[in-house]
Protein chains: 2
Amino acid sequence: MGVARKTKSVSELLDVFGQTDNALSVVELVSKLDQHMNKTTVYRILDRLEDGGQLHSFIGKDGLKWYAKCQKCSSSHHTDLHPHFQCRDCGKSECLNVDISIPSVANHRIDSAELLLVGSCQDCLNQ
Amino acid sequence: MGVARKTKSVSELLDVFGQTDNALSVVELVSKLDQHMNKTTVYRILDRLEDGGQLHSFIGKDGLKWYAKCQKCSSSHHTDLHPHFQCRDCGKSECLNVDISIPSVANHRIDSAELLLVGSCQDCLNQ
DNA sequence: ACTACTTTCGCAACTGAGTTGCAATAAAGA
DNA sequence: TCTTTATTGCAACTCAGTTGCGAAAGTAGT
């Protein structure tokens, strides 16, 4: 389905994603939008935006959920297969513009893959 | 540090891992060992075993933590870098004996990587 | 075996991310 | 404007994982 109605909450959330190229954790979004909407609403809108192909999500190294804008994703399937990077120092995550190859595995059907790289980002290396 | 004392609980937990080559979710372990030890104990022993290099862990597609036996891991760093597979039908996870190449990323220092493949396992394909 | 020391365990209470049900609200089309 | 239906807020809940502390059990020394 995705988003059916352009509500104020939806545009506010999209605005936040429009202001950055980084991925955003749900926790961060909920607290950033705390004055504007309920956390349940944040969760539900993120769901719908992912459903509609505007956002994609991944699980960070600590098990928390992150969302980022889609570049080449479609609602049917996410063609924009790319790794994600998470900085162990500052915690920020980002999408990487790198192609990855998914190994084929005997006797398994692979539907999707998620590669998470953990290390130090540029900002944290320079200090 | 790892495990300093060979307690009954530690050997029971290692026994469970000895009986399978699959990865085991913490949730599964806690419920399987429910009659034998407290869940806090399970969490703490798993921590110590990972610390000592006997087990390694990864985060499943739903954000839950999984553990598996180490083959070539050391306590200093896990040299046995391999992807993990999780079946979207039955939920089971396993370590894959496949080498993966970690892309290098400009202006980032990569310390570790985690590749999770999601799809259908052999058992679920055959039914 | 006994003692002393230190790690480990159980318990109970807690934290925090994510979910659910339902009544109230607000888009969008007629 | 009216009606329909998606969306929102709220409050309560679920459940994985954590914490503090007193009790129990390894381990080393004698």
Side-chain angles (χ1 to χ4, degrees), chain A residues 1-17 23-68 75 86 91-93 114 116, chain B residues 1-17 23-52 54-68 75 84 86 91-93 114 116:
Chain A
M1 310 276 132
V3 179
R5 293 182 182 177
K6 280 183 283 179
T7 66
K8 201 166 139 188
S9 298
V10 169
S11 8
E12 280 191 81
L13 224 160
L14 285 173
D15 274 354
V16 175
F17 278 97
L24 299 165
S25 72
V26 179
V27 173
E28 194 181 346
L29 286 166
V30 166
S31 97
K32 181 173 295 191
L33 294 165
D34 190 40
Q35 310 298 339
H36 301 258
M37 70 192 81
N38 191 271
K39 72 168 178 174
T40 310
T41 303
V42 176
Y43 279 97
R44 291 197 272 224
I45 293 178
L46 290 171
D47 260 4
R48 275 180 271 144
L49 289 174
E50 182 170 28
D51 228 45
Q54 282 117 301
L55 299 179
H56 65 278
S57 70
F58 60 96
I59 306 291
K61 67 185 170 72
D62 39 16
L64 300 192
K65 203 166 189 181
W66 292 72
Y67 283 87
S75 54
Q86 184 164 13
K92 283 184 188 159
S93 290
E114 190 57 55
L116 183 69
Chain B
M1 308 288 122
V3 179
R5 292 183 183 176
K6 280 182 281 180
T7 66
K8 200 166 139 190
S9 297
V10 169
S11 11
E12 280 192 80
L13 223 159
L14 285 174
D15 274 353
V16 176
F17 278 97
L24 298 165
S25 72
V26 179
V27 173
E28 195 180 347
L29 287 165
V30 166
S31 100
K32 181 173 295 191
L33 294 165
D34 189 40
Q35 310 298 338
H36 301 259
M37 69 191 82
N38 190 271
K39 73 167 178 173
T40 310
T41 303
V42 176
Y43 278 97
R44 291 196 270 223
I45 293 179
L46 291 171
D47 259 4
R48 275 181 272 142
L49 290 174
E50 181 170 28
D51 228 46
Q54 282 116 300
L55 299 179
H56 66 278
S57 70
F58 60 96
I59 306 291
K61 67 185 171 72
D62 38 17
L64 300 191
K65 203 166 188 180
W66 292 72
Y67 283 87
S75 53
H84 294 103
Q86 184 164 15
K92 282 183 188 159
S93 289
E114 189 58 54
L116 183 69

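Just so you know, these numbers come straight off a predicted model, no measurement behind them. Because only heavy atoms are used, hydrogens play no part in the values below, and waters and symmetry mates are left out as well, while side chains stay in. Residue numbers begin at 1 in each chain, while the letters A, B, ... track the order of the sequences.
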Compare every heavy atom of [Y] with every heavy atom of [X], then report the nearest pair and how far apart it is.
| X | Y | answer |
| --- | --- | --- |
| Leu116(A) | Ile59(A) | CD2-O, 4.0 Å |
| Gly60(A) | Gln86(A) | CA-OE1, 3.4 Å |
| Tyr67(B) | Asp47(B) | OH-OD1, 3.8 Å |

Sugar-phosphate, base or nothing in reach of Val30(A), heavy atoms under 4.0 Å: nothing
When we call it a touch if two heavy atoms are under 4.0 Å apart, what does Arg44(B) touch: a base, just sugar-phosphate, or nothing? base
Between atom [atom1] in [X] and atom [atom2] in [N], what is the gap in whole Å?
| X | N | atom1 | atom2 | value |
| --- | --- | --- | --- | --- |
| Asp62(B) | dG17(D) | CG | C1' | 14 Å |
| Leu64(B) | dC15(D) | CG | C1' | 9 Å |
| Met37(A) | dT25(C) | CE | P | 19 Å |
| Gln35(B) | dG10(C) | CD | C1' | 15 Å |
| Lys65(A) | dA17(C) | NZ | C1' | 11 Å |
| Asp34(B) | dA16(D) | CG | C1' | 15 Å |
| Leu46(A) | dT7(D) | CG | P | 14 Å |
| Asp47(A) | dT7(D) | CG | P | 12 Å |

Counting neighbours of NZ on Lys92(B) that are heavy atoms of other residues, nucleotides or ligands and sit closer than 6.0 Å, is the number greater than 12? no
I want to verify a distance call: between [options], whose nearest atom is closest to the [X] side chain?
| X | options | value |
| --- | --- | --- |
| Lys6(B) | dT27(D), dT8(C), dC11(C) | dT27(D) |
| Val27(A) | dG17(D), dT20(C), dG18(C) | dG18(C) |
| Arg48(B) | dT8(C), dT8(D), dT19(D) | dT8(C) |
| Asn38(B) | dG10(C), dT7(C), dG18(C) | dG10(C) |
| Val26(B) | dT7(C), dT20(C), dG17(D) | dG17(D) |
| Val3(A) | dT7(D), dG9(D), dA16(D) | dT7(D) |

Could you walk me through whether Gln54(B) and Phe17(B) pass the side-chain contact (heavy atoms from CB on, under 4.5 Å) check? CA-CA 10 Å; Gln54(B) 282 116 300; Phe17(B) 278 97; over 6 Å; no
Interatomic spacing from CG in Leu14(A) to CG in Leu55(A) - rounded to 0.5 Å: 6.5 Å
Output yes when at least one side-chain N/O atom of Thr7(A) is less than 4.0 Å from OP1 or OP2 of dT7(D), else no. no
Side-chain N,O (Ser9(B)) to OP1/OP2 (dC9(C)) below 4.0 Å: yes
Between Lys8(B) and Ile45(A), whichever has its closest DNA chain D nucleotide further toward 5' is Ile45(A)
Does any donor-acceptor pair link the side chain of Lys39(B) with the base of dG17(D) at a separation under 3.5 Å? yes
Between the base of dT27(D) and the side chain of Arg5(B), is there a donor and acceptor pair under 3.5 angstrom? no
